[in-house]
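Because the structure is a prediction, the values reported are computed rather than measured. Note on naming: letters A, B, ... go to the chains in the order of the sequence lines (proteins, then strands), and numbering restarts at 1 for each one.
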Amino acid sequence: MAYTLNNEQLSAVQNTEGPVIIIAGPGSGKTRVVTERIAHLINSGTSGQNILALTFTNKAANEMKKRVHSITNNQDAFSIWMGTFHSIFAKILRKEAIKIGYTNNFTIYDNEDSIKTIRRIIDNKNLDKEIYNPKYIFSKISFLKNHLISDTKYFEQIDLIKNDKINNQEEFKNIYQQYVKICQTSNAMDFDDLLIKTYDLFKHHVETLKKYQTLFQYILIDEYQDTNKVQDAIVKQLSKKHQNICIVGDDSQSIYSFRGANINNMLQFKNYFKTVKEFKLEQNYRSTKNIVKVANILIEKNKNKINKRIFTNQEEGEKIKLFEYYNDREEGDKTAEKIQESIYKNKTNRDEYAILYRTNSQSKAVEDGLRKRGISYKIFGGLSFYQRKEIKDILAYLKLITNHHDDTALLRIINYPSRGIGLTTVEKLNEIANKEQTSIWSILNSEKIDQLKINSSTKNKLHNFKNLICDFHTKINEDLFTTSQFIVKKTQIIDKLKENLNEENINRLENISELFNTIKFFSIKETNNSITDFINEISLDENHDQKEINNTEHVSLMTLHQSKGLEFKYVYILGVENGLFPSQKKTKHQTDIEEERRLFYVGITRAIKNVCISYALNRFKFGTVINSSKSCFIEEIEHLLNIDNITKYNTTYKNQSLLNKNKHYINKQKNKSSLDYNPLKKLKKISSDIYRDKRLLKIGQKIKHNIFGIGEITNIDLSDGNEKIKVIFQNSGEKILLTKFAKFEIIE
DNA sequence: CGGTAGAATATTTTT
DNA sequence: TATTCTACCG
């Protein structure tokens, strides 16, 4: 990226006043333009706190802050309001919570929390879960919220209600209303609430809106093609005063309509603001001519788009390759083999390879192949660290002591670890809280509890639970690490897991250790390290694993969605089959097909040097094999691809097909008997600190940490009772680790 | 109330 | 196949 800015890029950087739209094709140096633009503002004397920059991930925001800082050499870069819509608005909402009937320690519900809440409502109403599928109800509510149709508004939508009647879902409106109410009494917001509550706040509190309108002199929003209606509305609220608003995006890369994203926000920007300056970044600095050609031909099939033509001055490069495989296993295996060969032949690093797929579940087959060959890899996404059961359990304690009314947290732990409060009791509590329209905690604290038909021993247990939480609450202002340790000790969560050291529990214990490590880091690193701050950060921090690992060399595995904004030298796109990609559910409507095509476009344009596309003729789904065929998208570009391998492969495959079936079976048996490696447990198995003898540590000792790699101990600190070691890692620099929790092994 | 075994169900994509 | 739910027994 050592090129200087081209004219169009330069104009995009320097035109800071008034509404600006930057249409930035893939690889067009967009990130650089955005960064330079912000740096330019800072250099021209704008104070960081007067700039609002909304990005698509928090990771991108942090990197950008650092870059702006290094360009400007101005500490002000760190005071820019930069982050995702959700995290910035959460920050604002915590400040202004009182105005909208919340307190500033409100809880943020993730999707699992929301669905659990909805399931509870459906249970309470004794509705048929076949008709009222909690997941479906949740996505419907989410859709409505993102389109600014509140529960009260919904009651006025005659056609929607009529529709529910036809579908035998008359109760939906009441579920929606109840869900909103429970979130309120629980002092909790789901992801969508973070947006709509902000919108409502600004709508109903003019003085607050004015405050932020004045504060944000310059507003910049990246990936505007993936904003939804609420986000668009808030942006319009905020930019009204100064109108220094710059939106950046590429309509051809809009891939999030399932969560309400609407390309039209971008397409209609020019109609809303009258004097919009438009810049088109059409030169691609990333990919070869061959890649750009295929991408262009593909996206041309889409009707709804802004006209532009991406071009590149990079080398011609190789043709994109197409492979056909017998089944998904073979696809995974051969892909791993190809990567191994390529690493050897081209002398490249593993981190220059990415394997992309449509659904998370597809990672398994490739993982097997990579593992077999000892190629280290890293799966992005999937089940995030903070979504694991054992982690959520502990976090639920932290949530509950800061916000007693968080019913979801309470229900999660009222009987975990089991303390004799069973389902029947919980149901009774739930029922009365529901009837009184209040939180369960309020019930526990009122005389209502005496009216319940619960025997005295259970009542006593409830009483003890209440006291336990109150006891924890008194520690709320102490150090976060101390508090959480106290909780774990008092509840005996760890002790109980240790009683039965099976593989699963060992894994849980390791994850809990990892959590404590994070907590310790957090309380050392952050100045305001209250429980609320911690919860806030992790609730919106999508991927814990992904940040820490960036120094180890590994092949990246991720969904096509997650690959947005990234680039790799070599990209492998797997499972390009009808029914999978485009997804079965997206083949009906033209707009859906177009979005899937954009997703393919995103995948292809991640590559710098080459892309390999593959599909399999048979694929495992729900444990059974189903036939599949190559995607209709391939047909659109097939004349540009290198298909040499297809015909060659087909002749051998027929003879092998029977053999493969047997092989598959044998492999399966083998895997079962040998120490089974569960991909979900990933890298966590490298060492088990529960058994490690820590007395052997001394300065100069070499250790191997499962995240930071190999390093040498340079200091040992016993001052506060917890042994801390300072380690200089070869690749990750200096780290302070708590021996009690860090996962590493002693080497040599 | 707690634990477990066998049955049912799920695969789009994510802040 | 892998995870979650349900029914039943102690």
Side-chain angles (χ1 to χ4, degrees), chain A residues 54-61 83-90 108-112 114-116 119 123 129-130 133-136 139 142 145-146 189-195 223 226-228 230-231 254-261 328-329 356-365 380-384 387 389 415-427 454-455 457-458 461 500 504 539-543 558-564 575 579-587 592 595-596 598-599 602-603 619-626 668 671-672 676 678-680:
Chain A
L54 298 170
T55 57
F56 200 70
T57 64
N58 287 309
K59 196 182 159 209
T84 58
F85 275 92
H86 290 86
S87 67
I88 295 288
F89 293 168
I108 297 171
Y109 279 176
D110 65 17
N111 287 356
E112 191 198 339
S114 299
I115 291 169
K116 277 196 169 162
R119 182 171 296 137
D123 281 343
K129 271 199 221 115
E130 300 272 301
N133 177 300
K135 267 189 192 163
Y136 167 75
S139 64
S142 175
K145 282 184 171 181
N146 281 316
M189 295 195 201
D190 65 19
F191 287 137
D192 302 319
D193 286 336
L194 294 175
L195 305 177
E223 310 281 11
D226 283 323
T227 55
N228 61 33
V230 207
Q231 291 169 325
S254 170
I255 52 175
Y256 281 96
S257 72
F258 67 91
R259 67 180 205 218
D328 49 347
R329 249 190 105 81
L356 310 180
Y357 34 77
R358 179 67 239 264
T359 64
N360 278 309
S361 59
Q362 283 170 256
S363 71
K364 249 200 69 187
F380 288 69
L383 193 46
S384 126
Q387 283 169 5
K389 234 180 247 142
N415 200 30
Y416 177 82
S418 44
R419 46 174 76 88
I421 304 172
L423 229 64
T424 341
T425 311
V426 170
E427 232 157 63
I454 297 174
N455 69 43
S457 108
T458 312
K461 284 171 187 159
N500 180 14
E504 194 187 8
S539 301
L540 296 167
D541 175 20
E542 50 290 356
N543 227 319
M558 67 188 85
T559 62
L560 286 140
H561 280 88
Q562 286 171 47
S563 74
K564 188 168 87 161
L580 183 63
F581 190 22
S583 150
Q584 204 152 28
K585 292 181 180 168
K586 293 241 173 172
T587 44
D592 286 340
E595 173 148 324
E596 295 280 296
R598 291 193 292 267
L599 189 57
V602 167
R619 187 169 290 277
F620 262 96
K621 210 174 186 183
F622 302 145
T624 45
V625 182
I626 54 151
K668 219 164 72 183
N671 277 344
K672 273 266 141 50
D676 201 8
N678 181 345
L680 256 186

With 3.5 Å as the limit, what N/O pairs link the protein to nucleotides 5-10 of chain C?
residue : atom : partner  : partner atom : Å
C:dC5   : OP1  : A:Arg119 : NH1          : 3.4

**Asked** For the side chain of A:Phe191, counting heavy atoms from C-beta on, which of B:dT12, B:dT15, B:dC1 is nearest?
**Response** B:dT15

**Asked** Which part of the nucleic acid, if any, lies within contact of A:Thr424, taking any heavy atom under 4.0 Å across all strands shown: a base, the sugar-phosphate backbone alone, or nothing?
**Response** sugar-phosphate

**Asked** Roughly how many Å is it from CD in A:Glu112 to C1' in B:dT14, rounded to a whole number?
**Response** 15 Å

**Item:** Whole-Å C1' distance, C:dT6 and B:dT11
**Value:** 23 Å

**Asked** Does any donor atom in the side chain of A:Ser114 or A:Asn111 lie under 3.5 Å from an acceptor atom in the other side chain?
**Response** no

**Message:** From CG of A:Leu599 over to P of B:dT12, roughly how many Å is that when rounded to an integer?
**Reply:** 14 Å

**Message:** Go nucleotide by nucleotide along DNA chain B from the 5' end; which of A:Glu595 and A:Thr458 gets its closest nucleotide reached first?
**Reply:** A:Thr458

**Request:** Give a yes/no on whether any side-chain N or O of A:Thr559 is located under 4.0 angstrom from OP1 or OP2 of B:dT14.
**Result:** yes

**Prompt:** Can you check whether A:Lys621 has a side-chain N or O nearer than 4.0 Å to OP1 or OP2 of B:dT11?
**Reply:** no

**Item:** A:Gln362 and its side chain to side chain contact (heavy atoms under 4.5 Å, CB included) partner, picked from A:Phe620, A:Tyr357, A:Phe581
**Value:** A:Tyr357

**Prompt:** Has the side chain of A:Arg259 got a donor or acceptor atom sitting under 3.5 Å from an opposite partner on the base of B:dT15?
**Reply:** no

**Request:** Assign A:Lys135 to base, sugar-phosphate, or nothing according to its heavy-atom contacts below 4.0 angstrom with the strands shown.
**Result:** sugar-phosphate

**Request:** Round to the nearest Å and state the distance from A:Asn133 atom CG to B:dA10 atom C1'.
**Result:** 10 Å

**Asked** Can you find a heavy atom in the side chain of A:Asp226 that is under 4.5 Å from one in the side chain of A:Ile255?
**Response** yes

**Prompt:** Which part of the nucleic acid, if any, lies within reach of A:Lys389 when heavy atoms closer than 4.0 Å are counted: base, sugar-phosphate only, or nothing?
**Reply:** sugar-phosphate

**Prompt:** What nucleotide, of B:dT13, C:dT4, B:dT12, holds the atom closest to the side chain of A:Asn360?
**Reply:** B:dT13

**Message:** Looking at A:Asp192 and A:Arg259, is any side-chain nitrogen of the basic one under 4.0 Å from a carboxylate oxygen of the acidic one?
**Reply:** no

**Complete:** DNA chain B nearest-nucleotide lookup for A:Phe85 and A:Lys461: closer to the 5′ end is A:Lys461

**Message:** Can you classify the ring geometry of A:Phe258 versus A:Tyr256 as parallel (below 30°), tilted (30 to 60°) or perpendicular (above 60°)?
**Reply:** tilted

**Request:** With side chain to side chain contact (heavy atoms under 4.5 Å, CB included) as the test, would you mind laying out the steps for A:Met558 and A:Asn360 before giving the verdict?
**Result:** CA-CA 7 Å; A:Met558 67 188 85; A:Asn360 278 309; over 6 Å; no

**Item:** Any A:Ser87 side-chain nitrogen or oxygen under 4.0 Å from OP1 or OP2 of B:dT15
**Value:** no

**Request:** Report yes if a donor N or O on one partner sits less than 3.5 Å from an acceptor N or O on the other, where the partners are the side chain of A:Asp110 and the base of B:dT15; otherwise report no.
**Result:** no

**Asked** If we take the P atom in both B:dT13 and C:dT4, what is their distance in whole Å?
**Response** 15 Å

**Prompt:** Nearest-Å distance, CZ (A:Phe622) to C1' (C:dT4)?
**Reply:** 14 Å

**Message:** I need the CD-P distance between A:Gln362 and B:dA10, as an integer number of Å.
**Reply:** 19 Å

**Item:** Integer-rounded Å distance: B:dT14 C1' and A:Arg358 CZ
**Value:** 12 Å

**Prompt:** A:Gln562 side chain N/O closer than 4.0 Å to the phosphate oxygens (OP1, OP2) of B:dT14?
**Reply:** yes

**Prompt:** When the distance from CD1 of A:Ile626 to C1' of B:dT11 is rounded to whole Å, what number comes out?
**Reply:** 11 Å

**Request:** Identify whether the distance between the nearest side-chain nitrogen and carboxylate oxygen of A:Lys364 and A:Asp328 falls below 4.0 Å.
**Result:** no

**Asked** Does some side-chain heavy atom of A:Thr559 sit less than 4.5 Å from a side-chain heavy atom of A:Thr359?
**Response** no

**Asked** Is any side-chain heavy atom of A:Ile421 closer than 4.5 Å to a side-chain heavy atom of A:Val426?
**Response** yes

**Asked** Heavy-atom distance under 4.5 Å between the side chains of A:Lys586 and A:Glu596, does that happen here?
**Response** yes

**Prompt:** Can you find a heavy atom in the side chain of A:Glu223 that is under 4.5 Å from one in the side chain of A:Thr55?
**Reply:** no

**Prompt:** Whole-Å distance between B:dT15 P and A:Phe89 CZ?
**Reply:** 16 Å

**Request:** Looking only at side-chain atoms of A:Ser583, point me to the closest of B:dT12, B:dC1, B:dT11.
**Result:** B:dT12

For nucleotides 2-5 of chain B, print each protein N/O atom paired with a nucleotide N/O atom at under 3.5 Å, atom names and distance only.
residue : atom : partner  : partner atom : Å
B:dG2   : OP1  : A:Gly420 : N            : 2.7
B:dG2   : OP2  : A:Asn415 : ND2          : 2.8

**Message:** Can you confirm whether A:Arg358 sits close enough to A:Leu599 that some side-chain heavy atom of one is under 4.5 Å from a side-chain heavy atom of the other?
**Reply:** yes

**Request:** Just compare C:dT1, B:dT15, B:dC1 and give me whichever is closest to any side-chain atom of A:Asn111.
**Result:** B:dT15

**Request:** Just call it for A:Tyr256: base, sugar-phosphate, or nothing, with non-hydrogen atoms closer than 4.0 Å on any strand.
**Result:** sugar-phosphate

**Asked** May A:Phe258 be described as stacking on the base of B:dT13, applying a 5.5 Å centroid limit and a 30° limit on plane angle?
**Response** yes

**Message:** What's A:Thr624 touching, base or sugar-phosphate or nothing? Going by heavy atoms closer than 4.0 Å.
**Reply:** nothing

